[in-house]
Structures are given as C-alpha cells and as structure tokens.
Amino acid sequence: MKFERYIMHVDMDAFYASIEQRDNPEYRGRPLIIGGRTRGVVATCSYEARQFGVRSAMPVHEAKRKCPQGIFITPRMAVYRQVSAQIHEILKNFSPLVEMASVDEAYLDITGLDNLFGVPYETAQKIQSEIFSQTGGLTCSIGIAPIKFLAKIASDEKKPRGIFMITHDQMPLYLQNLPIAKIPGVGKKFLEELNKLGIRKCADVLALDKVFFEHKFGKAGTVLYERSGGIDRREVEPYAERKSESAETTLDENVSDKSVLKKWLLIHAERVGAGLRKQNLKGRTITIKVKYADFKQITRQLTLEKRTNATDTIYQNACALLDGLSLNKPVRLIGVVVSGFEEQEHTEQLSFFDLPLCSASSKDNTEEKRCSLDAALDSLRGKYGANAVVRGKLFSKTD
C-alpha cells in the first residue's frame, strides 16, 4: 500500500519568552523582550510585546522606543537548549524521522503513521497536547504539507497554538496564490528584483520559463521555479553533522580596549571549549568575529596543526588573531568560532604567521596540561554549577 507523503513542521510559540513566562509568573501577561538589555537585537518577545510592534531581530534600542514599558532580559540559552532536547524526545515518540531545524522548530516525516496516531491533523493535536503537558504549558503551532518548505509556511498560518494543513489536492491552488515573499530563501534584494519584473506570486513565476530564471538568477532562480511548482526534494534528516561551535556577544557599550575584549574571548573560549568537549569534538580552525560600532563586520582565522578542544588553546589563538587587528574603531560585538572537525592527516596550512601556536604537538605537553585542567573544571561545574569555578584571568585588569 502506497501512502501519501506528509511532512510536519512544529514551531514553538515565542519559545524563549514562553519559557521565561512559565518560570517567572511575574512576567505572565506582560510585554517581555529577550535580548541584550541595552544593545544588540531582540532574540524573541512575548505576544504581549508584539502588540506594540516589537519583532525578532529588531535592534533593542528600537524595541525600547516602541515598548518602553517592556521587560528586557538576557537569554538563558542553557535552559532553552534543555527544553529543546525535551521537545526532541517527545517528537521522536511520534516519528522515527525528526529533524531539529533549530532550537525551537522541527520537521517530522509522518508518512504512513495513520494507523498509530490517526490522520495527520489528529497527530498534530496529540503532539500539541504532549508538548503542553510535558513542558509545563508551552505551546506550538504546526504546519502539515506534502513538501518541506510548505510545511514551514503552513506552521505560521494560525499562530499561536494553531494547526494548518495543506493536502495534496489543495497544494496547486495554494501555491498559485502564494506570495513569493513567503518562500524561504527569497530575501529582500531577490524580492526587489523579482518585483521589478512584475513577479509577486508563484503563479507569476510559472508563467515564465525555467530557463529564464536559471540564466538570470542562477541556482536561486532554479530553486524558486521548482518550489513555485511544488517541487522540494529535501527529505527530513534526523541528524545533521555539526560544522562548528561558536559563541558571541553584543557588548553593552562599544569597546576599544583589547584587554577587555580578551576577557570576552576567554568567556567565549570557555563556552566553545565546553561545548566541544561535551560532544567529543575537536577543531583545527579558530576564527574570531568582530563587528565595529559602524556595523562593519570582519573575521580572522587560523588553522592549527592538530585539532583541539582545550579552552586555553582556543583562547590564546583567538588573542593572537585579535592582536593582529589595529582596532581603529570601537567594537560592538565579538565572537569565537571553532570549526574543521574532520580528520586530516596532511595539511599544508600552518597557524597564524606560519607558527603552530598552542598546537597539540607542543614539546612541553602544554596541550595535555590544558586538557587535564579542562577535565577537572568540567567535572566541578557539572557537580556544582556553571559558575562554581571561574578562571583568574577574568578578574585581572589585563589579559
């Protein structure tokens, strides 16, 4: 028996804000905004804040102007990731094919599961109920469609706590009237170019030849044409190989002092190193990300001879990269990224300035000592909390 294919997109409603309102009763029913207290952008906000025009990715200063009575708090990412893992486990009870697209959204392939959980709409209702009861009242919106990108669009149709399904029979008409601005991957500039051509809906796209879009827009044009016609070959992928581990902070005030920036590099190296060790990963490429006060962003990177997950190795190399910058403008954001997890026995690229900085082959066993220290710190923090032990450099006046 051949089953009709259906993919479900589960999208948590105002995820960070909902968790904070769950854990802090005094926030309930009030405009809550998650992000930097004075700088940066809004990560998410409660539905009460959205009534004032506050939106995700909006600069915090603009959110304060729109909603001066709002409650501004910094995110608790460790808590959000923990709840995300809990939701992942719930979803795996409904399908063996679950893909966590981000911390607050997931795809499920529910094809052929009618005999277990009912028709797709009934399955969605059961998922909503399970998430609500097991997470202490968190809600989600669910989209169901024959293809992946339409499932994602459908999950936004009836937010919050809604379910919207597009059947195989309904899909052609739904696509015909779908604004191209809703298609994932159609950014602002791409949309402007399409609008200049009079293209605003999927029907407008299909009125032209596929070759036209291939020649004019390349791969993006091909994808647009196919999706406008209901073609999305992507499967639900239960596991996606991690490519990097990163941490960054938008500073409350612009900073020109390298010693202050190096303290942030150490904080980020701690987070990144701990994350890598928890996943049993090591990387060879260390990158720093710097955004200046004028919003110009740059990155600098180096590659070690051997992979590492040692906090101090990450930190020292990140500092070397920072020292290579003139910093003729103050900095508003700084971050650290470790990548290059794949095993490589042979490499021609050396570290910064062609020196194997802090590499695992150091004759004085520096790397081994650092790994031993990290293991001890990880153990203590696992028992007594993340703030149980703090490195002395974070208290010193210089790096």
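The figures here come from the full heavy-atom set of this structure, side chains too, leaving out hydrogens, waters and symmetry mates.
For Ser95 (side chain) and Asp109 (main-chain N/O), a donor-acceptor pair under 3.5 Å exists by modelled atom type. Side-chain atoms of Arg50 come within 3.5 Å of backbone N or O of Cys45 as a donor-acceptor pair. With Asn24 contributing its side chain and Glu26 its backbone, the two residues share no donor-acceptor pair below 3.5 Å. Looking only at distances, no side-chain donor or acceptor of Arg284 sits under 3.5 Å from a matching main-chain atom of Thr303. Distance alone, capped at 3.5 Å, places no donor-acceptor pair between the Arg300 side chain and the Lys289 backbone. A donor-acceptor pair under 3.5 Å links the side-chain atoms of His268 to the main chain of Ile334, judged by distance alone. Listed for the Thr249 side chain is no donor-acceptor partner under 3.5 Å among the backbone atoms of Leu251.
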Enumerate, atom names and distances included, each donor-acceptor pair closer than 3.5 Å involving a side-chain atom of residues 199-207, sequence neighbours excluded.
residue	atom	partner	partner atom	Å
Asp204	OD2	Arg200	N	3.0
Asp204	OD2	Lys201	N	3.0

Please set out all donor-acceptor pairs under 3.5 angstrom arising from side-chain atoms of residues 132-154, sequence neighbours excluded.
residue	atom	partner	partner atom	Å
Ser133	OG	Ser129	O	3.1
Ser133	OG	Glu130	O	3.2
Gln134	NE2	Glu130	OE1	2.6
Thr135	OG1	Ile131	O	2.5
Thr135	OG1	Leu138	N	3.3
Thr139	OG1	Asp13	OD2	2.8
Ser141	OG	Asp13	OD1	2.8
Ser141	OG	Arg161	N	3.0
Ser141	OG	Gly162	N	3.4
Lys148	NZ	Glu99	OE1	2.6
Lys148	NZ	Glu99	OE2	3.4
Lys148	NZ	Glu235	O	2.9
Lys152	NZ	Glu105	OE1	2.9

Contacts under 3.5 angstrom, residues 112-125 side chains, donor-acceptor by atom type, not counting sequence neighbours:
residue	atom	partner	partner atom	Å
Glu122	OE1	Val119	N	3.1
Thr123	OG1	Gly118	O	3.4
Thr123	OG1	Val119	O	3.3

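When ring centroids are compared, His168 and Tyr6 come within the 6.0 Å threshold.
A salt bridge between Lys92 and Glu89 is present, with a side-chain N of the basic residue lying under 4.0 Å from a carboxylate O of the acidic one.
Open room surrounds CZ on Arg30; 12 or fewer heavy atoms of other groups in view lie less than 6.0 Å from it. Under a cut-off of 6.0 angstrom, the local environment of CG in Asn177 is crowded, with over 12 non-hydrogen atoms contributed by other residues, nucleotides or ligands. A 6.0 Å sphere centred on NZ of Lys329 holds more than 12 heavy atoms belonging to other residues, nucleotides or ligands.
Classified by interplanar angle (parallel below 30°, tilted 30° to 60°, perpendicular above 60°), the ring pair Phe217/Phe212 is perpendicular.
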Check the pair Ser259, Asp257 against side chain to side chain donor-acceptor pair (under 3.5 Å), reporting the backbone distance first and the verdict last.
CA-CA 5 Å; Ser259 65; Asp257 187 342; 2.6 Å; yes
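No cation-pi contact links Lys243 to Phe341, judged by a cut-off of 6.0 Å to the six-membered ring centre and 45° from its axis.
Side-chain N/O atoms of Arg271 and Ser246 include no donor and acceptor closer than 3.5 Å. Using modelled atom types and a 3.5 Å distance limit, the side chains of Tyr80 and Glu20 yield a donor-acceptor pair.
Side-chain contact check for Lys258 versus Asp323: some heavy-atom pair is nearer than 4.5 Å.
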